[in-house]
Amino acid sequence: MSQIKIHDTLTNSKKKLEFSDKVRIYLCGVTVYDQSHIGHARTIIVFDTLRRFLEANDIQVELIQNFTDVDDKIINRAKEQGESANGISSKYIQTYFEDSDRLNIRRATNYPKATEHIDDMINLIQKLVDNESAYASKNGVYFRVSEFSEYGKLSKKKTEDLESGARIEVDESKESPLDFALWKFSDEQPNWESPWGKGRPGWHIECSAMSIKYLGKNFEIHGGGRDLIFPHHENEIAQSESFTSEQFAKIWMHAGMITINGEKMSKSIGNVKSINHVLESWGANVARLFCISGHYSKPIDYTEELLKENLIKLRQIETCYYELRLAEKTQETEDISSLLKESREKFDAALNDDFNTSLGLSVFFNMIKTINSLAADEKITKENAEMALPVLEYMLEVLGIKIQTVSDEEIESVFKLINKREELREQKQFEEADKVRDEIGSMGISLIDHKNKTIWMKKESIKAER
RNA sequence: GGUGACGUGGCAGAGCGGUUAUGCGUGAGCCUGCAAAGCUUAUCUAAAGGGGUUCGACUCCCUUCGUCACCUCCA
């Protein structure tokens, strides 16, 4: 059983994650009308890392992440480009998977699409209409906010305040300006038949329908970016709880925004950095380290400096891994078993306390620093390494960091070249020795000269470094 | 205007009512034929301002100032 506690937005408190056989997570995905940016990636990485942490501790996770593939934005984009809405959404779903795979995100259990769950939504809406939580009007079917007395409990908003807000559109056909659309009438494609008339679903209803369908009436964690708290998640609660008369998600977990110059990254401001862009320049490992460098609930400001800092950290991880992988018998040694045990415990403790990845990373890098400094003194024995590697690999797996690995045959051939270089150096044939070094370098390998031996590592090639 | 979050050393960023967070950067050094990487060590002795509670506050309370997010679509 996991000891993890997570901050719940609804109760504004840390809650123990309780579950029976598995942890069920619903994560609000993206609207597929354009490339995803690093802000989207952050949310996905946070939840992927959480999932990895649970799974690495033998907890089964069912993760559902939806695609919003019917929406005004998609339709508009389709019109602009003279394409079908379906063409646009499937194109960007594909892009999404490409980004996601490159970021080393574990595939979710399922990626339901809104357009494939229209019947489920209609059933849900029907029941809401039947129990007076919703009504049909001229433009569509609306949720009757006044029927849900707890409306505003997630976002801590009062309906009076919302009503007096200036930004709510006035729609004469709605009973109240707060009422939101479950179904929008439309003769335009894409549209579907419904008991109330042809049209398409509203945004919020899809997540209610799909989360209930795949995860049941109440599941462990509902996640998404902070910006979804209102109105999206607030409305989901209203719909779902009016439908089931039960508590919806047990924990609402929200990830902070990525900002640029302190300002939220968003398409409307036009300050977005696409996942593709970040991957091209920095690679997945740096991107992942960057995205979990602060607490998940807080914003992270996107700067090149910060990415560079994380690149340096990646190099330290690589060094550590290769020091362990290539460790040989040495005379001197030091007992590192307590370091390893403590690191593992503190790492887990940090993540168990509201998934504090920032604190967890500091434990992780402390361990790496210690191992690297012992290695520099040639005090890492084969036995040490065999003890340390599983701990390191556990953490790497949780963090989703993929180090370039090598086969035993590769190790042998590299060492052959290194020995060749050593011989040349001893004979002071430095020019020849440097040629061998270049040859090794062209294999993506860099050398680390210690006092008595030369160690090496396969480094991830990072464009931004050059 | 309403609601929520936040303000920590050059930068990033945690915890904690009394103990060095950590990392990056920077300086010096070690290693080296050179380089890179790595390593060692030093450095900054931080808490937006003002009150209060306390033997003691960065940590709790109040207040002023500032920043951000949401209140429209948004991860």
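Lettering of chains follows the sequences in order, A, B, ..., and the numbering in each one begins at 1. Because the structure is predicted, anything quoted here is derived from the model rather than measured.
- Within the 4.0 angstrom heavy-atom criterion, base atoms lie near A:G39.
- Counting distance only, with no hydrogens placed and no angle test, the side-chain atoms of A:R226 and the base atoms of B:A5 include no donor-acceptor pair under 3.5 Å.
- With both ends at atom C1', the span from B:U19 to B:C58 equals 14 Å, rounded to whole Å.
- The side chain of A:M457 has B:A37 as its nearest neighbour among B:C70, B:A37, B:A35.
- Picking from B:A75, B:A36, B:G33 the nucleotide with the shortest atom distance to the side chain of A:R425 gives B:G33.
- Side-chain contact, A:Y322 with A:Q404: no donor N or O sits under 3.5 Å from an acceptor N or O.
- RNA chain B is contacted by A:M265 of residues 265-274 of chain A, taking any non-hydrogen atom closer than 4.0 Å.
- A distance below 6.0 Å separates the ring centres of A:Y214 and A:H117.
- For A:N366, no side-chain nitrogen or oxygen approaches OP1 or OP2 of B:U22 to under 4.0 Å.
- Listed candidates were B:A37, B:C70, B:A14. Nearest to the side chain of A:N356 is B:A14.
- Counting distance only, with no hydrogens placed and no angle test, the side-chain atoms of A:D434 and the base atoms of B:G33 include a donor-acceptor pair under 3.5 Å.
- Listed candidates were B:G23, B:A21, B:A35. Nearest to the side chain of A:L359 is B:A21.
- Residue contacts shown for A:I455 are absent, as no nucleic acid heavy atom lies under 4.0 Å away.
- Rounded to the nearest Å, the gap between the P atom of B:G10 and that of B:A46 is 10 Å.
- In this structure, A:W183 and A:Y142 have side chains that are not in contact, with every pair of non-hydrogen atoms separated by 4.5 Å or more.
- Phosphate contact (OP1/OP2 of B:A5, side-chain N/O of A:N12, threshold under 4.0 Å): present.
- For A:K459, no side-chain nitrogen or oxygen approaches OP1 or OP2 of B:A36 to under 4.0 Å.
- Straight-line distance between the P atoms of B:A5 and B:G9: roughly 22 Å, to the nearest whole Å.
- Judged by distance alone, with hydrogens and angles left aside, A:S358 brings no side-chain donor or acceptor close enough to the base of B:A14 to form a pair under 3.5 Å.
- Ring geometry for A:F67 versus A:Y111: interplanar angle under 30°, hence parallel rather than tilted (30 to 60°).
- Considering only side-chain atoms of A:F230, the nucleotide from B:C11, B:C71, B:G15 that sits closest is B:C71.
- Look at the P atom in both B:G27 and B:G18: the space between them is 36 Å, to the nearest Å.
- For RNA chain B, if you chain together Watson-Crick or G-U pairs that step i with j, i+1 with j-1 and so on, the runs of at least three with distances under 3.5 Å are B:1-7 with B:65-71, B:10-12 with B:22-24, B:25-30 with B:38-43, B:48-52 with B:60-64.
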Problem - Step-by-step side-chain hydrogen bond (donor to acceptor under 3.5 Å, both in side chains) determination, A:R288 to A:N310 - result: CA-CA 9 Å; A:R288 288 190 74 115; A:N310 283 293; over 6 Å; no
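- Between B:U63 and B:U53, the two C1' atoms lie 15 Å apart (nearest whole Å).
- The same atom, P, is picked in B:A57 and in B:G49; the two are 15 Å apart, to the nearest Å.
- Relative orientation of the A:Y296 and A:F355 rings is tilted, given thresholds of 30° and 60° on the angle between their planes.
- Under 3.5 Å, the side chain of A:K157 and the base of B:C71 form no donor-acceptor pair of N or O atoms.
- Counting non-hydrogen atoms under 4.0 angstrom, A:G152 reaches nothing in the nucleic acid.
- Contacts of A:E309 with the nucleic acid, taken as non-hydrogen atoms under 4.0 Å apart, include base atoms.
- Note on A:I44: nothing from the nucleic acid sits closer than 4.0 angstrom, heavy atoms only.
- Taking every side-chain heavy atom of A:L162 into account, B:C71 is the closest of B:U3, B:C71, B:G38.
- Among the nucleotides B:A75, B:G23, B:G38, the one closest to the side chain of A:H37 is B:A75.
- Mapped onto RNA chain B by nearest heavy atom, A:K73 and A:D353 fall at different nucleotides, with A:D353 at the one closer to the 5' end.
- Nearest nucleotide to the A:R421 side chain, out of B:C24, B:C73, B:G33: B:G33.
- Under the 30°/60° scheme for interplanar angles, the aromatic rings of A:F364 and A:F347 are found to be tilted.
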Practice task
Under the side-chain contact (heavy atoms from CB on, under 4.5 Å) rule, what do A:C207 and A:C28 come out as? Steps first, then yes or no, please.
Solution key: CA-CA 7 Å; A:C207 286; A:C28 283; 3.8 Å; yes
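- Comparing A:T43 and A:L361 along RNA chain B, the residue whose closest nucleotide (by nearest heavy atom) sits nearer the 5' end is A:L361.
- Judged by distance alone, the side chains of A:D99 and A:S36 never bring a donor and an acceptor atom under 3.5 Å apart.
- Side-chain nitrogen and oxygen atoms of A:Q316 include none within less than 4.0 Å of the OP1 or OP2 phosphate oxygen of B:A37.
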Practice task
Take A:M443 and A:V414 through the side-chain contact (heavy atoms from CB on, under 4.5 Å) test and state the conclusion after the steps.
Solution key: CA-CA 9 Å; A:M443 296 161 74; A:V414 173; 4.0 Å; yes
Practice task
Dump the intermediate steps for side-chain hydrogen bond (donor to acceptor under 3.5 Å, both in side chains) on A:D72 and A:Y33, then the final yes or no.
Solution key: CA-CA 10 Å; A:D72 290 348; A:Y33 72 104; over 6 Å; no
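- If you take atom P in B:C44 and the same atom in B:G1, they sit 44 Å apart, rounded to whole Å.
- Looking at A:D449, its side chain comes within 3.5 Å of the base of B:A35 through a donor and an acceptor atom.
- Below 30°, between 30° and 60°, or above 60°: for A:F248 and A:W252 the angle between ring planes is between 30° and 60°, a tilted geometry.
- You'll find that the side chain of A:K369 is closest to B:C39, out of B:A35, B:C71, B:C39.
- Comparing atom distances between the A:K298 side chain and each of B:C6, B:U22, B:G23 picks out B:C6 as nearest.
- The P atoms of B:A69 and B:A35 are separated by 48 Å, rounded to the nearest whole Å.
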